[in-house]
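Please read all numbers here as calculations on a predicted model, not as lab measurements. Reminder, nothing fancy here: chain letters follow the sequence lines and each chain counts from 1.
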Protein chains: 2
Amino acid sequence: MAIAKTRDTCAGCPIRHRAVCAYCDADELAMLERIKSYATIAPGAPIFFAREPMRHVATVVTGAAVLSRTLEDGRRQISGLMLPSDFIGRPWRDTISYDVTALSEVVLCRFDRKAFETILRDTPHVAERLLSMTLDDLDAARDWSVVLGRMAARERVSAFLLALARRLGTPDPKVPERVTFDLPLTREAIADALGLTLETASRQMSALRRDGVIETEGRTRVVVPDLLRLQEEAQDDDDGGELG
Amino acid sequence: MAIAKTRDTCAGCPIRHRAVCAYCDADELAMLERIKSYATIAPGAPIFFAREPMRHVATVVTGAAVLSRTLEDGRRQISGLMLPSDFIGRPWRDTISYDVTALSEVVLCRFDRKAFETILRDTPHVAERLLSMTLDDLDAARDWSVVLGRMAARERVSAFLLALARRLGTPDPKVPERVTFDLPLTREAIADALGLTLETASRQMSALRRDGVIETEGRTRVVVPDLLRLQEEAQDDDDGGELG
DNA sequence: CTTGCAACTTGATGTGGATCAAGCGCACTG
DNA sequence: CAGTGCGCTTGATCCACATCAAGTTGCAAG
């Protein structure tokens, strides 16, 4: 599972595909506007299936989705968490090799794939922006491999919570190193993202709570009283400018 | 560790950056030609260090290199194997978050990063080609996460050998499903790529040899008598058109 | 050929996380 | 407000892989 950086979105602007093209001029935006459509997907519903023809590419506007692959015997690995401003799809390919599934209700801003490919060809701005985003995603995916390949269960859970805290966390107005966020995934999904069983994921969450690294409210809300403490647990020697 | 697909290279052509731009016209190629330089790196030598300023981007011409991250306590994860035609570098960023190390003697075709960024901006061909390559790399990295997150040691080693066989293997002229290749990595590097210890990697290689899935000659040569058999071991339900 | 060493193999033992197995508690539903 | 069930927690046991520890082999340099 890799979580990319948040892109600059134009928060007040209904044209969320600014996530794709932050610097387009009015004509270019109008062109994107013409081929876009919105879609709302119910929690748990599939967005795309591996190996099935994909007519669209899309940007997540609200909600959360996961990219996952499932082996024949049922073992599942989540390889990415898609949050608002993330781009889903594969220009110049009919199919992708993973399933995309909504976790919560997801609103997508979709573009017809063929039309988007034409825009990519004709509008260097958009292609360059998408290249930069894809390079970020690739860095994130490569960084995440050390979590899956080399980290112990406690470190994996910590690294995961840290990445979510950086992407979703709201800092306490009085204590900026204290952040709060809502987990968009069940324990089972967390386990599938981290290459663990749900029992181990749950136990490590409990251990982190016992040790004061996190606090929890209900099933989903997580409070990190001290981001630096969590960062140590996650073996993260990074300044937070990057992804977790 | 992820291994990308082989790109179309212009084999007889000294301008190896055709890997970057397969369809450039003569003027565009001449422009690339002007900013390129070759570099030869000794086996084991670093090519780039994580967090150090990068002046170049490059394409691997011959040899093999790995992308790796090392935690403070020495645990190392290899997140990519770079082979001829692969692109190394991060346009629009001064640094990368992983080390790049030569395994064998590596010849690089380098481009000054700033100059390459200008070309990317001015030559949609090149940007589009690089975007397509980066999307392939991202798919490969995501596909690989299921190996690190969910596969047993024997499956990991099998998946790794399968990926190498597809990328490097020479088919037997009489028996096309029988392929031979040379391992560009030591057992330790294989272990670091698969999130295992070198002992476990070695034991699984021995087990696969005992079971007739592979044959070995010396330390590096591997013969796969039946690719389909290896594919089953690697839980690969794929037709081989994609990466392993 | 022989020497030396790094790379590899194999064996014995230990352990973290998987697996198996109960419960618990919160959020709907009637 | 009780009933129902899914999502979660916690405990007991097991096993695949890590760790520790010798050997062995292949290869390069003399």
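- Between the CZ atom of A:Arg209 and the P atom of D:dC8 there is a distance of 12 Å, rounded to whole Å.
- The residues B:Asp73 and B:Arg75 are annotated as salt-bridged, a charged nitrogen and a carboxylate oxygen being separated by less than 4.0 angstrom.
- Residues that satisfy the salt bridge (Lys or Arg N to Asp or Glu O under 4.0 Å) test with B:Arg187, not counting sequence neighbours, are absent from this structure.
- Residues satisfying the side chain to side chain donor-acceptor pair (under 3.5 Å) criterion with A:Arg229, sequence neighbours excluded, are A:Glu233.
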inquiry  = Can you build the contact string for nucleotides 14-30 of chain D? Use B for base contact, S for sugar-phosphate-only contact, and - for no protein heavy atom under 4.0 Å.
reply    = ---SSBB----BB----
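- Applying the salt bridge (Lys or Arg N to Asp or Glu O under 4.0 Å) test to every pair with at least one member in residues 189-207 of chain A, sequence neighbours left out, gives these pairs: A:Arg76-A:Asp192, A:Asp192-B:Arg150.
- Whole-Å rounding puts the A:Arg210 CZ to D:dT10 C1' distance at 10 Å.
- Contact annotation: A:Ser202 does not reach the phosphate of D:dT10 (side-chain N/O to OP1 or OP2, under 4.0 Å).
- The existence of a salt bridge linking B:Asp226 and B:Arg178 is excluded, since no basic side-chain nitrogen approaches an acidic carboxylate oxygen closer than 4.0 Å.
- At a threshold of 4.0 angstrom between heavy atoms, the contacts of B:Arg156 with the nucleic acid are absent.
- As a whole-Å value, the separation of B:Ile190 CD1 from C:dT9 P is 9 Å.
- What separates CG of A:Leu208 from C1' of D:dT9 is a distance of 15 Å, to the nearest Å.
- The backbone N or O of A:Leu198 lies less than 3.5 Å from no partner atom in the side chain of A:Ser202, so there is not a single donor-acceptor pair.
- Of the charged side-chain nitrogens involved, at least one lies within less than 4.0 Å of a carboxylate oxygen, so that B:Arg93 and A:Asp136 count as a salt-bridged pair.
- End-to-end axis angle of the helix from C:dC1-D:dG30 to C:dG30-D:dC1, using five pairs per end and rounding to 10°, comes to 50°.
- Out of D:dC8, D:dT9, C:dT10, the shortest distance to the side chain of A:Thr186 is found at D:dC8.
- Rounded to whole Å, atom P of C:dA7 lies 13 Å from atom CG of B:Asp192.
- Residues meeting the salt bridge (Lys or Arg N to Asp or Glu O under 4.0 Å) test with A:Arg221, sequence neighbours left out: A:Asp182.
- Within the 4.5 Å cutoff, no side-chain heavy atoms of A:Leu83 are placed close to those of A:Val60.
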